[in-house]
2 protein chains.
Amino acid sequence: MKPPTITDVAQEAGVSVSTVSRHLRGDRVRAAERINRAVARLRYRPSPAAQSLKSGKTGAVALVVPDITNPFFAAVVRGAESITAQGGHTIFLANTDESDAREAEVVEDLITRVDGMLLAPASENNPSPQRLADAGVPTVLIDREAPSTGRFDTVLIDNHGGARFAIEHLLSNGHERIATIAGTVDSTPGRFRLEGYRDTLAAYSIELPPEFVQPGGFKEHGGYQSMLRLLALPDPPTAVFVANNTMTIGALRAIKDIGVRVPDDLSVVGFDDHPFSEILDPPLTVIDRPMEEQGALAMRMLLSRMNNDSSRISRRVVLDVRLTERASCGPPRNTPMGARRKAARI
Amino acid sequence: MKPPTITDVAQEAGVSVSTVSRHLRGDRVRAAERINRAVARLRYRPSPAAQSLKSGKTGAVALVVPDITNPFFAAVVRGAESITAQGGHTIFLANTDESDAREAEVVEDLITRVDGMLLAPASENNPSPQRLADAGVPTVLIDREAPSTGRFDTVLIDNHGGARFAIEHLLSNGHERIATIAGTVDSTPGRFRLEGYRDTLAAYSIELPPEFVQPGGFKEHGGYQSMLRLLALPDPPTAVFVANNTMTIGALRAIKDIGVRVPDDLSVVGFDDHPFSEILDPPLTVIDRPMEEQGALAMRMLLSRMNNDSSRISRRVVLDVRLTERASCGPPRNTPMGARRKAARI
DNA sequence: AGCTCGTCTGAAAACGGTTTCAGAAATTGT
DNA sequence: ACAATTTCTGAAACCGTTTTCAGACGAGCT
């Protein structure tokens with residue numbers, strides 16, 4: 001019932017504990033074969049607790065994300081997992097529910113249990129990365145930057161460029177009245193996607209009313225409300241860039257409820273692809289990025305940071321995004337807003 | 001740089017190690033206040049490795065799922081996480097990629113690191129649960145049963161009933177030519193959903209050609225291929241029950257590619273809801289179940305099993321499912337199969 | 001003051017490994 | 001065959017905590 005210890009193995013094999021330990025760690029040892037048999041018979045596995053007590057290493061890595069049900073983070077987890085699967089490290093997963101407070105708790109708990117951490121901070125002004133740095137825990141940030149940027153390894157995507165692609169795609173379709181449903185601006189993706197939207201429009205000398213930027217908080221409900229507000233505007237947009245996947249769902253629901261047609265009445269670009277995007281009617285044009293790769297790369301960087309000298313200068317990698325064009329964008333309606341305005345008045 | 005130990009705290013507070021330890025575990029101690037200050041100043045956190053070496057408890061729980069990117073399992077993780085978040089236990093997450101071999105590895109690794117395990121076995125004839133039982137690790141099975149059923153706590157859903165609801169819904173719409181895209185039959189959900197389909201049709205004395213059961217292997221691509229085959233049948237079905245979410249995506253893609261109209265040409269019922277289901281055109285009718293609750297309940301059962309006498313008789317709970325009716329089902333077309341058959345010939 | 005009793009304390013022994021150290025055995029060279 | 005190596009071995013110390021054990025201390029009683 002009680003798991004066998006190294007002492008049991010030593011006894012069974014008729015050697016000393018030290019010999020067993022050495023054999024297990026790879027030293028040449030005369031009784032190798034006998035030890036192997038003993039290990040197999042007893043089904044011995046060394047106690048990670050004892051090992052890490054001695055070595056100071058836990059053999060575990062933490063992965064802290066704001067929302068595991070967001071397909072993007074699920075993909076990141078999978079990517080990260082695919083790297084550790086090869087060898088050596090096991091993953092602690094924690095969910096922070098987008099809360100700084102919860103994240104602090106979680107990090108505080110995990111900090112003693114792991115050799116390194118992959119973290120997607122809940123917000124940009126969040127003390128966790130600093131705490132990890134103080135504790136000397138190797139850390140790689142995913143998708144979001146830390147207050148004291150440059151001090152951490154970070155795996156980002158080109159949020160600004162993604163927004164630019166989206167807006168330019170819309171512009172090339174002839175739109176000028178382009179709105180956006182933005183995420184939380186104190187997060188890296190929220191901030192840069194919004195800046196990309198603004199900078200691109202500015203580059204084309206297009207000025208838009210402030211109501212064309214609607215805060216959706218990265219939540220489905222926020223996307224829904226924002227789209228409702230946009231469509232209720234006296235002079236509504238002809239195209240909308242929605243800054244993430246969950247808000248897109250909400251936005252499309254609003255569109256459906258009101259009866260606006262895509263892309264005839266309104267063109268839509270989302271951020272982050274999903275298998276469902278293809279079977280929507282019309283299929284959704286999105287900004288796509290390598291999600292699993294982002295997780296995998298972050299994990300690789302963490303592992304290397306854990307092995308190599310941890311004083312190495314920190315790396316900040318930015319992954320490319322691309323526009324996946326489907327059918328949710330078209331030219332703006334020739335007849336001005338009459339029909340749509342009526343629909344929005346429901 | 002090195003994390004402080006209990007000895008450092010003792011020194012700082014001017015007491016012995018034992019006193020610090022006792023205070024931390026809740027004993028009355030004279031130097032309480034001084035110890036608290038020392039702990040705070042040093043930012044001391046007890047080493048989990050040392051604690052678990054002494055106590056034999058790790059304070060961790062494993063959660064092993066076949067595919068974290070499946071929204072159902074993501075929801076399960078979230079549900080489970082919401083329970084442990086309250087107190088004491090941290091979660092190891094592992095992904096088995098639906099592979100028995102990988103699952104064995106993962107379980108073998110985790111078995112020494114956790115006090116209990118939540119497991120969704122990759123298949124029904126899978127040695128892992130037995131291995132866990134042998135090792136005396138409290139285990140709760142999620143969504144899938146183990147070979148030696150009845151010996152494990154298990155949290156299932158009413159797969160058979162769900163399939164019945166789906167088929168009866170289709171029958172009540174006037175369909176008789178009802179096909180199914182089935183999952184892997186060596187998994188609990190796959191098996192029972194298929195049986196539910198068969199039993200319900202049998203109960204209504206409906207006999208269908210064997211090609212009306214298409215194996216989709218729970219994968220998107222399988223769903224796609226299966227739907228293609230169904231639509232290419234000389235006498236195709238008027239309705240299809242698709243046995244899980246990922247296959248549904250594939251099936252709908254096939255439908256879209258071929259140009260069949262839902263529900264006019266074909267009615268569809270899926271299994272497991274998703275935010276996207278509502279914004280499809282038409283919105284998808286699905287069998288829905290409490291996903292996060294399933295994870296949360298499983299975790300609660302595991303925790304209780306870990307605390308109470310582990311010889312308590314095992315529980316098998318079956319959660320209710322329900323039909324969420326949207327617009328993907330309607331009466332079968334009056335005109336027989338002409339149009340559809342033509343479309344399917346592409 | 002002297003005694004008992006109860007409360008609180010520190011030293012020391014675990015827990016299961018790894019690693020150092022010194023010594024034993026095997027190998028090599030002559 | 002013997003010394004000089006080299007390789008292998010077991011005893012013991014250690015990692016950071018909890019817990020047992022015995023003893024110190026203070027309070028309460030006569």
Side-chain angles (χ1 to χ4, degrees), chain A residues 1-36 38-39 42-60 88 90 108-115 135-137, chain B residues 1-36 38-39 42-60 88 90 108-115 135-137:
Chain A
M1 198 49 110
K2 278 273 133 62
T5 78
I6 197 174
T7 315
D8 300 328
V9 176
Q11 203 151 7
E12 175 93 5
V15 290
S16 78
V17 196
S18 349
T19 304
V20 177
S21 175
R22 273 189 284 256
H23 172 60
L24 263 23
R25 327 239 28 253
D27 277 18
R28 271 201 54 66
V29 143
R30 264 188 267 283
E33 198 37 55
R34 253 180 313 140
I35 297 180
N36 282 338
V39 165
L42 271 50
R43 268 188 174 152
Y44 166 77
R45 310 233 59 201
S47 143
Q51 284 181 314
S52 59
L53 180 56
K54 189 93 241 288
S55 65
K57 294 289 151 203
T58 64
T90 336
E108 200 57 36
D109 173 39
L110 255 20
I111 213 166
T112 53
R113 315 184 84 104
V114 300
D115 300 333
V137 176
Chain B
M1 199 49 111
K2 278 273 136 58
T5 79
I6 197 173
T7 315
D8 301 327
V9 175
Q11 203 149 8
E12 174 93 5
V15 291
S16 78
V17 196
S18 349
T19 304
V20 176
S21 175
R22 274 189 285 254
H23 172 59
L24 262 23
R25 326 233 39 250
D27 275 19
R28 270 200 55 65
V29 143
R30 264 190 264 283
E33 197 37 55
R34 251 181 315 141
I35 298 180
N36 283 339
V39 166
L42 272 51
R43 267 184 171 157
Y44 166 76
R45 310 233 58 201
S47 142
Q51 285 182 316
S52 61
L53 179 56
K54 192 88 240 288
S55 66
K57 294 289 152 202
T58 64
T90 335
E108 201 57 34
D109 173 38
L110 255 19
I111 213 165
T112 54
R113 314 183 84 104
V114 299
D115 299 332
V137 176

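Throughout, a chain's letter reflects where its sequence line sits, starting with A, and its residues are numbered from 1. On a predicted model such as this, the values are computed, not experimentally measured, just so you know.
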Practice problem: Return the value, rounded to whole Å, for the distance between atom CD1 of B:Ile35 and atom P of C:dC8. | Solution: 13 Å
Quiz item: How many Å lie between CG on B:Leu53 and P on C:dT18, as a whole number?
Solution: 12 Å
Could you pull out every donor-acceptor pair under 3.5 Å between side chains of residues 8-15 of chain B and any protein atom, sequence neighbours left out?
residue, atom, partner, partner atom, Å
B:Asp8, OD2, B:Thr5, N, 2.8
B:Glu12, OE2, B:Arg41, NE, 2.6
B:Glu12, OE2, B:Arg41, NH2, 3.1

Practice problem: For the side chain of A:Tyr44, starting at C-beta, report the closest nucleotide among C:dG16, C:dT18, C:dG17. | Solution: C:dG17
Practice problem: For B:Thr5, report the nucleic acid contact type (base, sugar-phosphate, nothing); a contact means any heavy atom under 4.0 Å. | Solution: sugar-phosphate
Self-check item: Distance, rounded to the nearest Å, where A:Arg45 contributes CZ and C:dG16 contributes C1'
Solution: 15 Å
Exercise. Would you kindly give the NZ-to-C1' distance between B:Lys57 and D:dT18, to the nearest whole Å?
Key: 16 Å
Exercise. Ignoring backbone atoms, establish whether B:Ser47 has a side-chain N or O less than 4.0 Å from OP1 or OP2 of D:dG16.
Key: no
Practice problem: Taking side-chain hydrogen bond (donor to acceptor under 3.5 Å, both in side chains) as the test, write out the residues that go with B:Thr112, two or more places apart. | Solution: none
Quiz item: Is any side-chain nitrogen or oxygen of B:Ser21 closer than 4.0 Å to OP1 or OP2 of D:dT18?
Solution: yes
Quiz item: Counting just side-chain N and O atoms, does B:Gln51 come under 4.0 Å of either OP1 or OP2 of D:dT18?
Solution: yes
Self-check item: Gap between atoms CD1 and C1', on B:Ile6 and D:dC15 respectively (whole Å)
Solution: 14 Å
Exercise. Might you point out which heavy atoms bring A:Tyr44 and A:Ile6 nearest each other, and give the distance in Å?
Key: CE1-N, 3.4 Å
Self-check item: Inter- and intrachain pairs under salt bridge (Lys or Arg N to Asp or Glu O under 4.0 Å), touching residues 18-31 of chain B, at least two apart
Solution: none
Practice problem: Apply side-chain hydrogen bond (donor to acceptor under 3.5 Å, both in side chains) to B:Glu33 and list each qualifying residue two or more places apart in sequence or on a separate chain. | Solution: none
Which pairs of donor and acceptor atoms, one on a side chain in residues 47-58 of chain A, lie under 3.5 Å apart (sequence neighbours left out)?
residue, atom, partner, partner atom, Å
A:Ser47, OG, A:Ala49, N, 3.3
A:Ser47, OG, A:Ala50, N, 3.0
A:Ser52, OG, A:Pro48, O, 3.0
A:Ser52, OG, A:Ala49, O, 3.3
A:Ser55, OG, A:Gln51, O, 2.8
A:Ser55, OG, A:Lys57, N, 3.1
A:Ser55, OG, A:Lys57, O, 3.3
A:Thr58, OG1, A:Ala60, N, 3.1
A:Thr58, OG1, A:Arg113, O, 3.1
A:Thr58, OG1, A:Asp115, N, 3.3
A:Thr58, OG1, A:Asp115, OD1, 3.0

Quiz item: For every nucleotide of nucleotides 6-13 of chain D, 5' to 3': is a protein heavy atom under 4.0 Å from its base (B), only from its sugar-phosphate (S), or from neither (-)?
Solution: --SBBB--
Exercise. Measure from NZ on A:Lys2 to P on C:dC15 and round the result to the nearest Å.
Key: 11 Å
Exercise. Return the minimal non-hydrogen interatomic distance between B:Arg45 and A:Glu108, and the atom names on each side.
Key: NH1-O, 3.0 Å
Quiz item: By side-chain hydrogen bond (donor to acceptor under 3.5 Å, both in side chains), which residues pair with B:Asn36, not counting sequence neighbours?
Solution: B:His23
Exercise. Using whole Å, report how far NE2 of B:His23 lies from P of D:dT19.
Key: 16 Å
Self-check item: Estimated bend of the helix from C:dA1-D:dT30 to C:dT30-D:dA1 (axis per five terminal pairs, rounded to 10 degrees)
Solution: 40°
Exercise. Output all residues satisfying side-chain hydrogen bond (donor to acceptor under 3.5 Å, both in side chains) with A:Ser18, sequence neighbours left out; order by chain, then residue number.
Key: A:Ser16
